[in-house]
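Report on one structure; see the data block that follows.
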Amino acid sequence: MRPDLALIALAALSAAGCAQAREPGNQVAAPANVAQAPASPADNAQRLVAQRLGGVQNLSFGEAQIFMSNGATVVCGRYQQAGQAPQRYVAVGDEDVFIEGEFVGDMNQAVAEACRNI
């Protein structure tokens, strides 16, 4: 087939496809409620840290590790605010977070008990 005839045929097929898509019988209704994937445990932990710190800007996260302990999800990681040294955090479940610098107990011991290699 000559290239110019191929282009004409392609254009005709495209137009036919567009015409069919506009016909009411061929339209597919969009779902009313699109379910979003649940946030990962690391995302939840980062949200908790940001909330605990009062929504500070320029917050970065790294080294997140996720563990299961007695049925609870534990996330251990590091966060850093701009211009400051990295700090550790331990998040338990979807509500509790312990942040280095604010933790009343021994953070080294808490990390040793709950986390590995942080």
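Numbers here are sequence positions counted from 1.
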Might you point out which heavy atoms bring Ala114 and Val90 nearest each other, and give the distance in Å?
CB-CG1, 4.1 Å
Compare all side-chain heavy atoms of Thr73 with those of Met68 and state whether any distance is below 4.5 angstrom.
yes
Distance-only donor-acceptor pairs under 3.5 Å for side chains of residues 46-61, two or more places apart:
| residue | atom | partner | partner atom | Å |
| --- | --- | --- | --- | --- |
| Arg52 | NH1 | Val97 | O | 3.1 |
| Arg52 | NH2 | Val97 | O | 3.4 |

Suppose we screen for side-chain contact (heavy atoms from CB on, under 4.5 Å). Which residues come up paired with Ala110, at least two apart in sequence or across chains?
Phe103
Hey, does Cys76 have a side-chain heavy atom less than 4.5 Å from the side chain of Val111?
no
How far apart are the closest heavy atoms of Ser69 and Val74, and which atoms are they?
CB-CG2, 4.0 Å
For Val75 and Pro41, which heavy atoms make the closest approach, and how far apart are they?
CG2-O, 3.6 Å
State which residue, out of Glu113, Arg88, Glu100, fulfils the side chain to side chain donor-acceptor pair (under 3.5 Å) condition with Asn108.
Arg88
Kindly indicate whether the side chain of Gln87, heavy atoms from C-beta on, has any atom under 4.5 Å from the side chain of Tyr89.
no
Just grab all the ring pair (Phe, Tyr, Trp, His ring centres under 6.0 Å) pairs involving residues 38-60, residues at least two apart or on different chains.
none
